[in-house]
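Numbers restart at 1 for each chain; the letters A, B, ... are given by sequence-line order, proteins then strands.
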2 protein chains.
Amino acid sequence: MLDRLGDRWTVLVLVELSKGTRRFRELERAIPGISQRMLTLTTKRLCRDGLVERTVYPTIPPQTDYRLTPMGKSLADMVFALADWSRDHKDAVAAARSRWDREHA
Amino acid sequence: MLDRLGDRWTVLVLVELSKGTRRFRELERAIPGISQRMLTLTTKRLCRDGLVERTVYPTIPPQTDYRLTPMGKSLADMVFALADWSRDHKDAVAAARSRWDREHA
DNA sequence: CCGTATCCCTTAGGATACTG
DNA sequence: CAGTATCCTAAGGGATACGG
């Protein structure tokens, strides 16, 4: 499970879907740099794990909606907690790094 | 920052150090499967980020102690929160997966 | 014991092209 | 639009050998 949050794209999809239902193309545009392939793989994994739900409208052109399940929402909350931690300690980490880099020049 | 927790070895080292001060060899034994190379890289990154502190005793044979900084401890707490989430939802995820696998056979 | 330096192989994932 | 299929390369990380 922890390795799921290790995946960069997974986290970004989770965050984007936490804002509401999104279509495939909307996710793609909202997440700069993601390839079609990775978006497909990522959403598929999230669906398989029961974190995201998919609804397909067999219209022309086709439309697919993605949205977080309750479990997905709770995981997204963990992501936000991590993001908070990250923000709170960003400066301290940066300071530690520059100090390390100075001392190991 | 989030990608740090994506790294499997980083998480395991963090967890092990949360139990107390450890020497290089102790970490290696406590984390099955980690290579010397990855342990070195992982501890070095953690030190650079100010999450772990190193104390070297220039004895023969040499000895090096690793321990979490306060910031490292707080990150370890986040890891434990994730582990809790994981434990709480383990069954639900497993169920979702087997259902998915059944339906996509 | 505590690392560093190389080699080497696997795999993640981007680019591209094609379907319903 | 919403994917699937194929190719290809960059790099993460294991195995091994060596140094202080």
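Each of B:Thr43, B:Leu12, B:Leu51, B:Val52 was checked for a side chain to side chain contact (heavy atoms under 4.5 Å, CB included) with B:Leu17, and the lone residue meeting it is B:Val52.
A straight line from CZ of B:Arg8 to C1' of D:dG12 spans 13 Å, rounded to a whole angstrom. Here C:dT11 presents its P atom at 17 Å from CG of A:Asp7, a figure rounded to the nearest Å. Here the P atom of nucleotide C:dG13 and the NZ atom of A:Lys44 are 16 Å apart, to the nearest Å. Spacing between atom CD1 of A:Ile60 and atom C1' of C:dG20 amounts to 9 Å, rounded to whole angstrom units. Rounded to whole Å, atom P of D:dT4 lies 13 Å from atom CE of A:Met38. One can place CG of B:Leu39 at 8 Å from P of C:dG3, the figure rounded to the nearest angstrom. If you measure from atom CG of A:Leu41 to atom P of D:dA2, you get 17 Å, rounded to the nearest angstrom. For the pair B:Ile34 CD1 and D:dG12 P, the computed distance is 16 Å after rounding to whole Å.
Side-chain N/O atoms of B:Thr64 include one lying less than 4.0 angstrom from OP1 or OP2 on C:dG3. Between B:Arg37 and D:dG14 there is no side-chain polar atom (N or O) within less than 4.0 angstrom of OP1 or OP2. Within the 4.0 Å cut-off from OP1 or OP2 of D:dG3, at least one side-chain nitrogen or oxygen of A:Arg54 is found. At the phosphate of D:dG3, OP1 or OP2 sits under 4.0 Å from a side-chain N or O atom of A:Tyr66.
In this structure, the side chain of A:Ser86 does not engage the main chain of A:Leu82 through any donor-acceptor pair within 3.5 Å. Of the possible donor and acceptor atoms, one in the side chain of B:Glu26 sits under 3.5 Å from a partner among the backbone N and O of B:Arg23.
A salt bridge does not link B:Arg22 with B:Asp65: every distance from a Lys NZ or Arg NE/NH1/NH2 to an Asp or Glu carboxylate oxygen is 4.0 Å or more.
Note that the CD atom of B:Glu16 and the CD1 atom of B:Ile34 stand 10.5 Å from one another [nearest 0.5 Å].
Between B:Arg45 and B:Gln36, the residue anchored nearer the 5' end of DNA chain D, judged by the nucleotide with its closest heavy atom, is B:Arg45. If you find the closest nucleotide of DNA chain C to A:Pro61 and to A:Ser35, the one lying nearer the 5' end belongs to A:Ser35.
Residues B:Ser18 and B:Leu68 are in side-chain contact: their nearest non-hydrogen atoms beyond the backbone lie under 4.5 Å apart. Side-chain contact check for A:Trp9 versus A:Val11: every heavy-atom pair is 4.5 Å or farther apart.
Taking a pair as Watson-Crick or G-U with both hydrogen-bonding distances under 3.5 Å, the stems of three or more pairs touching DNA chain D are C:3-20 with D:1-18.
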